[in-house]
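Predicted, not measured: the structure shown is a model, and the values here were computed from it. Letters go in sequence order (proteins before strands), and every chain restarts at 1.
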Number of protein chains: 2
Amino acid sequence: MNGKKWKEITWSSFLSLFGESYFKRNKCQMMMVLILSKNMFYSQMLRGSMTAIMRAVVVREFGGVKKMKVETDMPAPSVGDHEVLIKMHASGVNPVDTYIREGMYAVLPELPYVPGKDGAGVVEALGTKVTKFKLEDRVFCSSTSRHGTLGRLATFPEAAVFPLGGNLSFEEGACLGIPYFTAYRALVQKASAKKGERLLVHGASGGVGLAAVQLGRELGLQVVGTAGTDEGISLVKETGAHDVFNHRDPKYLKKLGAEKFDIIIEMLANVNLGNDLTLMNPRGRTIVVGSRGATEINPRNLMQCESAVMGVALGTATAEEVAEVSAAVVAGIKAGWVKPKVHKVYSHDEAAQAHHDIIHNKGAQGNLVVRVAE
Amino acid sequence: MNGKKWKEITWSSFLSLFGESYFKRNKCQMMMVLILSKNMFYSQMLRGSMTAIMRAVVVREFGGVKKMKVETDMPAPSVGDHEVLIKMHASGVNPVDTYIREGMYAVLPELPYVPGKDGAGVVEALGTKVTKFKLEDRVFCSSTSRHGTLGRLATFPEAAVFPLGGNLSFEEGACLGIPYFTAYRALVQKASAKKGERLLVHGASGGVGLAAVQLGRELGLQVVGTAGTDEGISLVKETGAHDVFNHRDPKYLKKLGAEKFDIIIEMLANVNLGNDLTLMNPRGRTIVVGSRGATEINPRNLMQCESAVMGVALGTATAEEVAEVSAAVVAGIKAGWVKPKVHKVYSHDEAAQAHHDIIHNKGAQGNLVVRVAE
């Protein structure tokens, strides 16, 4: 089985991870295990004949933020042949995490589960068939996992783990997956952005918005953003937008509409979509990244300029498309244009607060991150 | 100037066209002209020093169907270098003709104008730079022209005139442009239909709908249609749909949704679009061909399966795209799968009734055509 690679895990790393752990069955078994060699321990654990535990934020029933509980005896995940076990340092918080926690999402994990799709950390163990990583690699991950990034150990399929390199911190690395993958999929794979096109990032001061501004500049687009606070506006400007409007200014739509757009990245379609359809050039494309309810539109606005509205959620991307997206983002980290803005770092115990804040913020200013390891 | 080609027009054809015509200036001039040679007549007319007149349906102010008046002294159009003068036999009536007549369309002709974008007839004269046609060719046309197909003579740019060949009648030829071009642009250029995909033609018994059914079969799609009457349902089945539902059956949505769709061609988005978004497979595409008002949608339905809504109105198609579309339809005429269904033929005097009926029908059953020449 996977014992061979597990063996390579250092004993000290094991102790640092499980320092507060104990083994579930009973004290006798725990004592026995502690005197077994580390090799035997790991191979036992992998065979499931006993279970290591870890500190993790756990959801045992779908619902509000109060359903997120820090538990210190959550079973640590095992590692499948094609999986990577990551010692998580930081977990990125995205709106989708809250939809999943509420049970209001198309694909839901089996309960109980550890939330967190995005995160960054260090490779702790490798499945036998993993080829792209070695132990101790700094990595980031992005996918749905029952053993998500709010646990001190998380497992992800190899295809959902990516090299972080040395340019970014773990906190920054936790903000790459959903924000940058979504921005790339929206602008390149969905909107087929071409140099010189005019881009509106409608809600530009959040994680995806700032990533879209950076990518838009990298792609040679004319980038206009909106934000709802002075701080947000400054941030979007600093991030590279050519122009920024305050979407709380009653006249902003008139100002925006003075020159129309080829591409609109829309973070709150239930509020803005009807107007977006009037802001598009012929063959314009509005990409819906976020929406929290129904809205009224006039379909004729799509007909007259043969424009389009497309949804993005990463979920239907093929393996090839994910490979393209992640390769572009990894290259962007090296090139330097991928530079996440961490707005606030929460402690592991404050994860529920981060889930609250990502939805109820009054004007985003970058990404929210939970520090998972001390 | 164009005199050389105009010369080739037969005198008898001139007399048949202008038998009821007279020359505007005064009787003296009219008498003079009548004794001039035909060559001199045409070259005079082309220089604009005098004006031939014709029978045509004329709109002198935008508004309801009552604004359509048959006039017998409408100035006949002159022929630009790149234009074709067509002796119209039949004019196809499409909903867009009514939107233009009402002045409720993005691009409006200068007043007064002769309505009719689609039509079929015979080449009567050619601009000096026209290369693709010769006199007497049977042709169909489709474009916006101030001298539209409800006049006995109409001019269209060479690029908007296409060979009709011998397989179809003029009445059928008048139903090719908007219905088939729209169906092709929707299914091929917008939806990028692939063999084996499931297509819903939502409102399949009208002109575009039947064209979409025929094209869908030609493309190897699994074609489902809807119609609102028993006659419409029979027609859609006869036209080749694998399955047809009555969209007035309260349970039809449930029946429809049993197996979802990759492509939806939507004729009445203001009624159906919200539901369409729930009927799409991942990466589904709804193409909006018609809509008569605003409607509520839930944008989240677009996100979860990364589906798209796109408008089609032909207006933003490039010259290359129009060339592709028309080549496909002309090839389809020869191959035999392009076979318009003429539901009703109106006399020239009944053109206003045809405009009324195209909007107020209770269940379309094919195309409405106005016979322009006797």
Tell me which of these, A:Leu302, A:Val312, A:Thr316, A:Leu314, has more heavy-atom pairs under 4.5 Å with chain B than the rest.
A:Thr316
With a 4.5 Å cut-off on heavy-atom pairs, point out which of A:Cys305, A:Pro299, A:Ala308 contacts chain B the most.
A:Pro299
Under 4.5 Å from any heavy atom of chain A - which part of B:Ser307
backbone
Heaviest contributor of heavy-atom pairs below 4.5 Å to chain B, chosen from A:Ala313, A:Ser291, A:Gly315, is A:Ser291
Option that, when pairs with chain A are counted at under 4.5 Å, heavy atom only, ranks first among B:Asn298, B:Val107, B:Ile297
B:Ile297
Residues in residues 282-290 of chain A near chain B [non-hydrogen atoms, under 4.5 Å]:
A:Pro282, A:Arg283, A:Val288, A:Val289, A:Gly290
Chain A contacts, top residue of B:Gln304, B:Met310, B:Arg185 (heavy-atom pairs, under 4.5 Å):
B:Arg185
Contacts of residues 264-274 of chain B with chain A (heavy atom under 4.5 Å):
B:Ala269, B:Asn270, B:Leu273
For A:Glu296 and B:Ala294 the tightest heavy-atom approach is OE2-CB, 3.6 Å
In terms of heavy-atom pairs under 4.5 Å, which option from B:Glu306, B:Met303, B:Arg300 contacts chain A the most?
B:Glu306
